[in-house]
Amino acid sequence: MKLDSQTVERVSLLARLQLSADELKSMTEQMGHILEYVRQLDELDTSGVEPMAHAIDMCNVFAEDVHTPGLSREEALANAPNHDEECFRVPAVLG
Amino acid sequence: MSVIEKSAVDLKKLLEQGELSSVQLVSACLDQIAEHDTKIHAFLKVNSNEALQHAEAIDARRQQGKPLGLLAGIPVAVKDLVCTKGYATTCGSRMLENFIPPYDATVIRRLKEADAIIIGKTNMDEFAMGSSNENSAFGPTRNPWNTAAIPGGSSGGSAACVAASMSPLSIGSDTGGSIRQPAALTGVTGMKPTYGRVSRYGLIAFASSLDQIGPMARSTADVALMLQVLAGHDAHDSTSANVPVPDYLANLERPLKGLRIGWVREHYGEGLDAEVEKSARESIEVYKSLGATIEEVSLSHSKYGVATYYIIAPSEASSNLARYDGVHYGYRTNEKEMLKRLADEARGHDPATIDNALVRMYRQSRAEGFGPEVKRRIMLGTYALSAGYYEAYYLKALKVRRLIREDYDRALEKVDLILGPTTPTAAFPIGECAEDPLSMYLADIYTVTTNLAGLPGISIPCGLTSAGMPIGLHLQAGPFEEEKLLRAAQMFQSATEWHKARPESL
Amino acid sequence: MSDQPYEIIIGLEVHTQLKTETKMFCRCSTRFGDPPNTNVCPVCLSMPGALPVMNRLAFELAVETALSLNCEIPEFTKWDRKSYYYPDLPKGYQISQFDLPLSQNGWLEISDPDGQWETKRVGITRAHLEEDAGKSMHDEVAGKADSRIDLNRTGTPLLEIVSEPDMRSPQEARAYLTELKLILTYLGVSDCNMQEGSLRVDANINLHLPKDGEKVATPIVEIKNMNSFRAVERALEYEAKRQHQAWRENGKLLGEAPKETRGWDDQKQVTKAQRSKEESSDYRYFPDPDLVPVVVSREEVKEIRSRFKELPAEIRTRLQTQHGISAYDADVIVNQGRAVVDYFERLSELSGDGKRASNWVQQDVLRTLNERNLDIADFPVAIETLADLLKKIDAGEIDNSRAREVFGTMLDSGDDLASTMQKMGIEKVDQSDLSSLCQQLLDANPKIVENVKEGKTQAVGALIGQAKNINPNVNPGQVRNLLLELIAAM
């Protein structure tokens, strides 16, 4: 399974990264190398092995449904690159 | 010994006995930073004024006989991925260059409650992705032992500032070795606690199921002292363990009787530097002389650790870093120029082939805000999770992760702890791995499996190469056995002087 | 419906906000209508470093709802991240449940009170929890085409209830939604307000058609943007016809065209193709490492089940057996909600006549509530008072239409029954007064007497009217009986 630049281009849209033609080329190469390396896992028979998504076995961690104060609107918006008095602003979400 | 070289435990005594003021201590550290950090670049931000003011306040409270916390008046440097309310927290990235968190991380709250002085924020590989600190968007940190060499990473700044006596204590974070590897390469002691031991709330995530905050210092006792402050359950972190925190200092000096140490067969192979191997083997002799028994154990899947790690960590990272889109905080591309360029592109093209303004805003902001290594890992992770590849990569890696953990479980039934080199080589020259990301990944070969298994590990100095560069010894134990690790490390440091070695140039 | 040359296949996805004080993964308020970005914190703003902690109540409400939809509750459930970029989704992923939802394999029974189709079970594929997104508002001030983002709603707990494609008409779809909403309302787990967005419906629809002796299916279309159950019904009606037309034109079958998303335009009453989101099918689900799984013990399931409130279907049956009312009447009352059911039951008990209570609740009480836009809790006539009035009707002390007048007066005055009746001059007419009144009328109208004797009993009606004119308190039924008795004796 050789990684092609079309796939990398598609992934870059999924990942919301703009890659120049040069970057696309080197990214394809480097990712290809790394993927080749990680495919060594294929040597292992993992049938019947339970996937391990968490480092420790824990379950049922809940918080009670009790309100605690959050941030003021000023604090909430303070780091936004573009905002008005009330809201975050972005280029139109439609079109 | 000058005040900046003293251990935190000694400084604590001096402060308590009134032989030293916190202002004196903080000033001495600030002087050291001023003198050497232009060269080392361990800090991204030094809180000189705030630190001195805080020190003054602590001194005043001490004079008034008011109760003080465990780290009262002692400086702590904090890796710049731990959120500090009102102070920029950049994660070593252009993306967050101007980000000022509106809240404190739980560990910051704990440090403040312990009356520690936060002296500054330390340099790091961007988003903790890297093993050399060369991936910092703000320029690399240099190794105090040899400024042409890397200090390790990603907590390179936290390691270097302690090694260079700029701060007695620092906080790092460890996702695949990011505390232990730079500790080893700069001759300091650094611990990655059990996953869940220290709250991750306010730690800017790289790979959530692997990340863990931990202490770095110049001695095991200092690491124990700081772990005491950091460890404990936090209701704001669902993965924080509700397990009692022992008194790490109470029995620290008591040697472990009948200590059984596992020597990992698979660690001594291709890629291991001869001098590093020699130091590791000599360390075994030290433990033998202290009455420990040595047994060979096998971590047969450890050779798959790096491959497993470089699927799981980027996968989680690709998702954790999706929030940096230039909307709610962080870097946004110049919108006007972007829209103009987009209009130019659209001329004479099928509009369906051109991003809409919003998509382009995301793509360009992220392309400009992230550095190459971060982009690489986001791409890898996105790929590994995408339709058609999920099972072959991500799911496969989760299964191998289980096998790696089971290796540890089996080994730790036979022995109390597992010993080996922290890194395959001592610090390498800056720029050496720049062209080959994979070769850099292999620097984590001995440390990644600890994170995958969620276990605690500590790196302590155990030698110097012929070139005079530090070598680290890696100890790992079962879940929540930090106390055991600390006592074993303390045994070694009682019998050796390696941890006392300091770079000559400083 | 039988004249359709096709069968309509409908499945529904309902998102309902659960009624918690605080959000799914942080403790910010879920209140609707607050000024933008005032119910936010580092967690729901997805600030770097912030971490989610699950709301216990949201989980319990979800399990309770799932159980009342006859779902199985697996012992193990977990959280997954669903990745997509949108400015009202600040993490770049939504915390949801993918392969191990908290419930599955349930069903909901729907029936048509008009009996046009038979009672049937609609399968519930699954019901799972997820977090809501914020709101994007388009802003075109001074030629700038920006969107404004409000994150107050971000992180509100949502229960997504996915049905099997078991519905065969827009009417069935509407019945499913009505019954589902009723259940959610009876449980009190959601406000179910479509205007405020606490209940949202997406529909999947395609057609099965006969072709060359085989059954073929048209491509599935998902319809969005429907903001009432009526709109859902209309949109499905429109879409079925449109798909049939499209099939006749292009002949495209399921699998030959990608799944399409269309939006309902309520003004134009048409569905419109929506720009398909790029890579919409690649959400890159994976287990959320920030959240731990939930193990639901069988004891907990039992405990939650034991808290169960009575569900609409059970109440319908009970009202029929316990209060002797028809299935139709029980349906009308139950569909009004728990408070009306309680009102009816109390009225039935106090008055001792279920049917009469049912009639009065449906006609007089509900009409008044509608006219005056009142909640039943604020109904101006005390339930005991109304029961007394009904008892008087039963005892023949007052007739229905007089009773309505009394009721109407009490609605406005708020006075009690006795004083209202007194003020209106209503008193029981003495038997001897009634006899002499009737005799007097018969004497004055020999023609009517003659007609009745010839068998035209209805002729007596004219005299009842006269009697009421003379004394409004007379009971028409009594007058009629007495007149006929007297004529028979003549």
Side-chain angles (χ1 to χ4, degrees), chain A residues 3-19 24 31 35 38 41 46 49-95, chain C residues 20-22 25-30 35-45 47 53-60 76 78 83-88 90 92 134-140 144-151 275 278-279 282 284 286-289 291-297:
Chain A
L3 188 69
D4 56 53
S5 62
Q6 264 172 308
T7 306
V8 177
E9 169 69 41
R10 190 182 58 80
V11 172
S12 79
L13 173 60
L14 266 182
R16 292 294 186 270
L17 286 169
Q18 186 79 16
L19 299 181
L24 185 64
M31 281 176 71
L35 291 173
V38 302
L41 300 190
T46 51
V49 179
E50 191 65 27
M52 179 175 165
H54 289 85
I56 42 170
D57 272 333
M58 277 175 65
C59 63
N60 298 27
V61 175
F62 295 104
E64 301 309 321
D65 184 35
V66 178
H67 175 256
T68 53
L71 297 173
S72 71
R73 181 154 65 198
E74 291 65 37
E75 288 173 301
L77 297 174
N79 280 291
N82 188 0
H83 64 90
D84 53 36
E85 293 90 75
E86 292 185 326
C87 287
F88 302 92
R89 293 190 82 104
V90 291
V93 296
L94 300 169
Chain C
T20 51
E21 279 287 308
T22 69
F25 298 112
C26 66
R27 306 288 77 78
C28 286
S29 169
T30 53
N37 296 306
T38 54
N39 292 325
V40 290
C41 74
V43 178
C44 55
L45 289 170
M47 286 277 176
V53 183
M54 199 195 324
N55 185 329
R56 183 192 303 275
L57 183 64
F59 191 82
E60 289 179 356
F76 183 92
K78 69 176 173 79
S83 295
Y84 65 93
Y85 282 90
Y86 212 69
D88 61 18
K135 276 183 192 158
S136 307
M137 297 161 284
H138 201 57
D139 190 18
E140 290 196 53
K144 275 172 70 183
D146 272 17
S147 287
R148 306 174 73 226
I149 312 296
D150 170 14
L151 298 184
R275 212 176 72 96
E278 288 130 299
E279 89 286 322
D282 205 344
R284 288 158 284 142
F286 78 104
D288 191 329
L291 289 161
V292 298
V294 182
V295 173
V296 192
S297 73

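Each chain gets a letter, A, B and so on, in the order the sequences are listed, and its residues count up from 1. These values consider heavy atoms only, across backbone and side chains, with no hydrogens, waters or symmetry-generated copies.
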Heavy-atom distances under 4.5 Å only: say whether D88(C) touches chain A with side chain, backbone, both or neither. neither
Here the gap from L14(A) atom CG to T7(A) atom OG1, rounded to the nearest 0.5 Å, amounts to 11.0 Å
Per-residue contact mode, H54(A) against chain C (heavy atom under 4.5 angstrom): side chain
Quick check against the 3.5 Å criterion: does R73(A) have a side-chain atom that pairs as donor or acceptor with the backbone of V40(C)? no
Heavy-atom pairs under 4.5 Å with chain A - which of P42(C), P35(C), G92(C), S83(C) has more of them than the others? P42(C)
Residue F25(C) versus chain A: region with a heavy atom under 4.5 Å: neither
Most chain A-contacting option - heavy-atom pairs closer than 4.5 Å, from K78(C), R27(C), M47(C): R27(C)
When rounded to the nearest 0.5 Å, the distance separating OG of S29(C) from CG of N39(C) is 4.5 Å
Measuring from atom CZ of F88(A) to atom CG of N79(A), what distance do you get when rounded to the nearest 0.5 angstrom? 9.0 Å
Is chain C contacted by the side chain of V66(A), its backbone, both, or neither, given a heavy-atom distance below 4.5 Å? backbone
In terms of heavy-atom pairs under 4.5 Å with chain A, the winner among L291(C), N55(C), V53(C) is N55(C)
Residue part contacting chain C, namely of L77(A), when any heavy atom lies under 4.5 Å: side chain
R148(C): which of H138(C), M137(C), K135(C) passes side chain to side chain contact (heavy atoms under 4.5 Å, CB included): M137(C)
Which of A53(A), C59(A), S72(A) touches chain C most, by non-hydrogen pairs under 4.5 Å: C59(A)
Pairwise distance OH(Y85(C)) to CG(L13(A)) - rounded to 0.5 angstrom: 10.0 Å
Any donor-acceptor N/O pair, N37(C) side chain to I149(C) backbone, under 3.5 Å: yes
Below 4.5 Å from any heavy atom of chain C, which atoms of D84(A) appear? Answer side chain, backbone, both or neither. side chain
